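Worksheet: one structure, shown below.
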Protein chains: 2
Amino acid sequence: MASAAVGKAQKGKEARPEAQVAGWPGADGPPQAPSPDTFRLCCLNVNGLRSATSKGLMPWLHAENPDVVCLQELRIQTDQLEAAHRAPTGWTSAQADAEKKGYSGASVWTRLPVRGQPSVRCGLPLADLEGRYCRVDTAELSVVSLYVPSGSSGEERQGVKDSFLGDLRSLMDRLAAEGRPMVVCGDINIAHTEEDIHNAKSNKDSSGFLPHERAWMTELLASGWVDLWRAHHPGERGYSWWSNRGQARALDRGWRIDYLLCTPDLAARATRCWLQGRSPALSDHAAVWADFRRL
Amino acid sequence: MASAAVGKAQKGKEARPEAQVAGWPGADGPPQAPSPDTFRLCCLNVNGLRSATSKGLMPWLHAENPDVVCLQELRIQTDQLEAAHRAPTGWTSAQADAEKKGYSGASVWTRLPVRGQPSVRCGLPLADLEGRYCRVDTAELSVVSLYVPSGSSGEERQGVKDSFLGDLRSLMDRLAAEGRPMVVCGDINIAHTEEDIHNAKSNKDSSGFLPHERAWMTELLASGWVDLWRAHHPGERGYSWWSNRGQARALDRGWRIDYLLCTPDLAARATRCWLQGRSPALSDHAAVWADFRRL
DNA sequence: CTTGCAAAG
DNA sequence: CTTTTCAAG
């Protein structure tokens, strides 16, 4: 079962006195005020929060100034977090942990006023056990950070992924039925169309671009969820993940597998959506960003 | 059972063409000729041959110019060796492998003419299984590279060490009975007297300085084996290992646990014996060196 | 505190 | 190829 850590960002429990400033750890100056008419959201698979932190995640967030941050593949449990890995003081943070150390994990950080209790449970056994779902509600919207299992390490894990996707479909239906403006942010581990992968031909049998996975995505979008980056960039190529074999990243041979999946009402409030991540390389994924009009 | 790799140094089996010069890998210039009247021996626990190589082991050996090298704790199996980890071409090398990857292992390299077959078996089951014994004979002497198990990780491993020491005592008797000039070089994992440890008082209950271990060493020396460094440095303090906790090495808070154990006839031919290793720090151990008169 | 392996992506 | 854990020293 997932251990749940929900609440305001806290100081390190070891009581080692660390200078805790009201801003992003390691960044200079005070945090910037939220923009008056819009808020900004960032979604990133960090491939290890400790690793990304060591590569400058926090100063980068400070500079880019998001109001909501959704992270996946933290590979650190809540009780291992040090000050350097935490949202600024005053932010709300919620984190879903995997039972297994150094594995999976998802979180949401926000400075928007929060409504109700964050949730790290969605009823999908695998998501709950492996820290793949984390939700925070605000007056403006509901935000979910989601991490779909990879199927690339073999048949067994592909089976796990397929079963997860089946359950996820029902979950997405239930979420949409709530009727709230909502964004499900995360690493879906599927490139949808031939425009979402650098080489469709050579990857036609690769996990993440299998016909049934692509069809799953098509059906999800047909049900009303909006692939926000694609809605803002029709016909364009943009990737959010590069293999770390060979020169994949340098040659921009990537896949777009990280999505902001929005309800139509929220999608209509997006003023901009962009991918950022070939540089700085904070992880093997790019961040997906969006600005939304406030209500 | 130990896998045995015995024979001349070979090129990498992957047939990747690597510039193989007749000298220490990574060192400039040709290997030096042996000294005319003496030969030089080096004994070092490398704590990972790959790690020590990355810290400059090979250029250092090139500069120090040994004729015989005994290494322990290689933490690499023979079939994983690349050119960078091998003795110069033309040297004889023998290596005892542990069954378990990344664990233990001992080797002897020499440019002296070799007599008979190197041996990586001594009949001690643990030594044979864990690559703790490697022997090469030359006309001048017999050389054994030996790695006694550590007892520091708990009661169970202390029991293994004690039983190993019991068997080792009989093995040393048998080796001495061969009547050849012989040196057993290695990490014995025992500091013999209070002069062989920086803080005898605080370590009186530490594995490696337990009364029965020290007594074992006393009895071994009483049976005729010579602790060569001590024979050349009576009353002196000298260490061959430093914990990597705290500032042990910087403060020279060490233990002398690496020995050249010589038969009396060979000990009489030693012209010099020294410890070298607080710098350069190629591993957490120092090397033990000696020069011997040729026959 | 360090090495090297393992599992996973 | 990378991150993190693990056993061992």
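Chain letters run A, B, ... following the sequence lines, proteins first, then strands; residues in each count from 1. All values derive from a computational prediction rather than experimental measurement.
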- prompt: Are Asp196(A) and Arg214(A) ion-paired here, with the side-chain N under 4.0 Å from a carboxylate O?
  reply: no
Quick check for you: among [options], whose closest atom lies nearest to any side-chain atom of [X]?
{"X": "Lys101(A)", "options": "dG9(D), dG4(C), dC6(D)", "value": "dC6(D)"}
{"X": "Ser51(A)", "options": "dT4(D), dC5(C), dG9(D)", "value": "dT4(D)"}
{"X": "Asn244(A)", "options": "dG9(D), dG9(C), dT5(D)", "value": "dG9(C)"}
{"X": "Tyr103(B)", "options": "dT2(C), dA8(D), dT5(D)", "value": "dA8(D)"}
{"X": "Ser150(A)", "options": "dT4(D), dG9(C), dG9(D)", "value": "dG9(C)"}

Rounded to whole angstroms, how far apart are [atom1] on [X] and [atom2] on [N]?
{"X": "Glu73(B)", "N": "dG9(D)", "atom1": "CD", "atom2": "P", "value": "8 Å"}
{"X": "Gln72(A)", "N": "dT4(D)", "atom1": "CD", "atom2": "C1'", "value": "18 Å"}
{"X": "Leu74(B)", "N": "dA8(D)", "atom1": "CG", "atom2": "P", "value": "19 Å"}

Below 4.0 Å: OP1/OP2 of [N] and any side-chain N or O of [X]:
{"X": "Lys100(B)", "N": "dG4(C)", "answer": "no"}
{"X": "Gln80(B)", "N": "dC5(C)", "answer": "yes"}
{"X": "Ser153(B)", "N": "dG9(D)", "answer": "yes"}
{"X": "Arg157(A)", "N": "dA8(C)", "answer": "no"}

task: Hey, can you tell me if His198(A) and Tyr239(A) have their rings parallel, tilted or perpendicular (30° and 60° cut-offs)?
output: perpendicular
query: Between Trp255(B) and Phe209(B), what is the ring plane arrangement, given parallel below 30°, perpendicular above 60°, and tilted in between?
result: perpendicular
field: Sugar-phosphate, base or nothing in reach of Lys55(B), heavy atoms under 4.0 Å
entry: sugar-phosphate
- prompt: So, does the side chain of Arg75(A) form a donor-acceptor pair with the base of dT3(D) at under 3.5 Å?
  reply: yes
- prompt: When rounded to the nearest 0.5 angstrom, what is the spacing between CG in Leu49(A) and NE2 in His85(A)?
  reply: 5.5 Å
